[in-house]
Amino acid sequence: MSNLYSLKATLPTVFISKSQIANRVAELAEEVKNFYLSQNNLEQNENIIVIGVLKGAFIFTADLIRALKLPTQLEFVRIASYGDSTKSNGILNIPDLALPNNIVNKHILIVEDIVDTGKTASFLKQYIQDQFNPKSLKLASLLSKPSRRAVEIDPDFYGFEIEDKFVIGYGLDFGEKYRELDYLGILNED
Ligand code: 5GP
């Protein structure tokens with residue numbers, strides 16, 4: 001049966017498959033959970049504040065918190081830097097950083113889709129550190145592209161380290177398309 005993709009264009013090439021993502025997210029959730037259980041002495045029923053970075057991290061965040069099996073309070077901020085291009089223009093457009101006051105002095109985990117130049121993650125870490133004085137502040141990213149780094153930052157937890165390729169799917173877009181793909185793909189050139 002054809003779908004709308006096959007009518008219009010070929011589906012993006014699989015780069016990291018649905019099952020590879022699922023396996024790695026499960027492993028990563030274990031790493032994150034072990035960190036909170038061993039290092040941080042979470043108080044009984046204490047929520048970890050998970051801050052997903054929209055829009056790209058929405059699927060990863062949803063999968064990660066379900067795999068974590070720890071109590072969380074879920075928040076989102078929205079930051080975009082790419083527009084319709086495949087290279088970061090380095091200008092952070094910050095439409096929504098509204099976060100509730102009850103996240104002051106808590107364990108905070110930022111969840112990103114990808115750390116590329118690192119500017120978004122670095123800005124956000126500093127902002128949260130300054131505003132909310134967290135007990136701990138960690139960064140989990142599905143992907144990391146170390147060869148593109150412009151500022152010194154590395155995710156504390158990451159799913160896959162990748163070379164300098166522009167990836168889409170599993171929440172990541174190109175011009176607002178392809179977020180719904182259940183795998184990470186590479187755009188076909190035509
Ligand atoms: P950074 O501030 O680290 O340069 O960029 C972070 C943001 O750029 C990511 O959260 C993501 O939205 C976007 N980005 C960076 N690399 C890619 C990529 O390969 N594919 C897509 N779709 N977005 C990317």
Side-chain angles (χ1 to χ4, degrees), residues 5 8-18 20-22 24-25 28 32 49-65 74-99 108-131 137-190:
Y5 283 109
K8 288 189 181 148
T10 47
L11 275 166
T13 308
V14 177
F15 178 54
I16 300 176
S17 71
K18 181 181 172 180
Q20 285 175 302
I21 297 170
R24 186 66 192 121
V25 170
L28 199 60
V32 174
I49 312 300
V50 174
I51 303 180
V53 183
L54 294 174
K55 296 178 193 173
F58 83 105
I59 294 179
F60 175 48
T61 307
D63 283 350
L64 187 68
I65 60 168
L74 180 61
E75 303 293 341
F76 285 102
V77 289
R78 187 167 168 191
I79 301 188
S81 65
Y82 266 44
D84 283 355
S85 143
T86 60
K87 291 280 177 219
S88 178
N89 56 21
I91 299 165
L92 292 178
N93 161 21
I94 308 160
D96 189 2
L97 279 178
L99 287 162
I108 296 184
L109 177 68
I110 300 171
V111 181
E112 270 259 41
D113 52 356
I114 181 164
V115 179
D116 182 39
T117 65
K119 288 181 183 169
T120 307
S122 159
F123 164 81
L124 204 51
K125 270 191 101 168
Q126 194 60 54
Y127 175 81
I128 287 170
Q129 185 64 50
D130 294 347
Q131 299 290 315
L137 179 57
K138 295 288 166 187
L139 171 66
S141 182
L142 176 67
L143 300 164
S144 177
K145 271 189 209 170
S147 65
R148 291 259 308 150
R149 216 66 101 240
V151 294
E152 226 175 276
I153 186 165
D154 278 317
D156 301 289
F157 310 100
Y158 64 86
F160 304 92
E161 204 170 84
I162 64 169
E163 57 210 84
D164 185 8
K165 283 183 192 303
F166 191 80
V167 295
I168 44 153
Y170 194 69
L172 288 90
D173 76 314
F174 175 58
E176 294 305 326
K177 288 177 65 183
Y178 303 110
R179 293 192 198 278
E180 70 281 7
L181 296 180
D182 59 10
Y183 62 90
L184 284 157
I186 304 282
L187 279 178
N188 296 307
E189 289 173 35
D190 37 43

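Worth saying up front: this structure is predicted, and the values here are computed from it rather than measured. Read the numbers this way: they start at 1 and go in the same order the structure lists the ligands and their atoms.
To the nearest 0.5 Å, atom CZ of residue Arg179 and atom CG of residue Leu172 are 7.5 Å apart. Taking NZ of Lys125 as the start and CD1 of Ile108 as the end, the distance is 11.5 Å to the nearest 0.5 Å. From Tyr170, atom OH reaches atom CD1 of Ile21 across 6.0 Å, with rounding to the nearest 0.5 Å.
Residue Lys165 approaches ligand 1 through these ligand atoms, each under 4.0 Å from one of its heavy atoms: 19 (O). Listed by number with element, the atoms of ligand 1 under 4.0 Å from a non-hydrogen atom of Thr120 are 1 (P), 2 (O), 5 (O), 6 (C). Per-residue contacts place Lys119 under 4.0 angstrom from the following atoms of ligand 1 (heavy atoms of the residue considered): 2 (O), 3 (O). The contact set between ligand 1 and Asp173, taken as ligand atoms under 4.0 Å from a residue heavy atom, comprises 21 (C), 22 (N). Every atom of ligand 1 with a heavy atom of Glu112 under 4.0 Å away is listed here by number and element: 10 (O).
With a 4.0 Å cut-off on non-hydrogen atoms, Asp116 touches ligand 1 through its backbone as well as its side chain.
At under 3.5 Å, not a single nitrogen or oxygen of Phe174, backbone or side chain, sits near a nitrogen or oxygen of ligand 1. Inclusion of Val167 in the set of residues having an N or O under 3.5 Å from an N or O of ligand 1 is warranted.
In this structure, Lys145 has a heavy atom closer than 4.0 Å to ligand 1.
Closest heavy-atom contact between Phe15 and Ile186: CB-CG1, 3.7 Å. The shortest non-hydrogen separation linking Glu112 to Phe60 is O-CD2, 3.5 Å.
Leu143 is not listed as a side-chain neighbour of Asp116, based on a closest heavy-atom distance of 4.5 Å or more.
Panel note: side chain Arg24, backbone Gly159; a donor-acceptor pair is recorded below 3.5 Å.
Around atom 3 (O) of ligand 1, the closest heavy atom drawn from Ser141, Gly118, Ala57, Gly169 belongs to Gly118.
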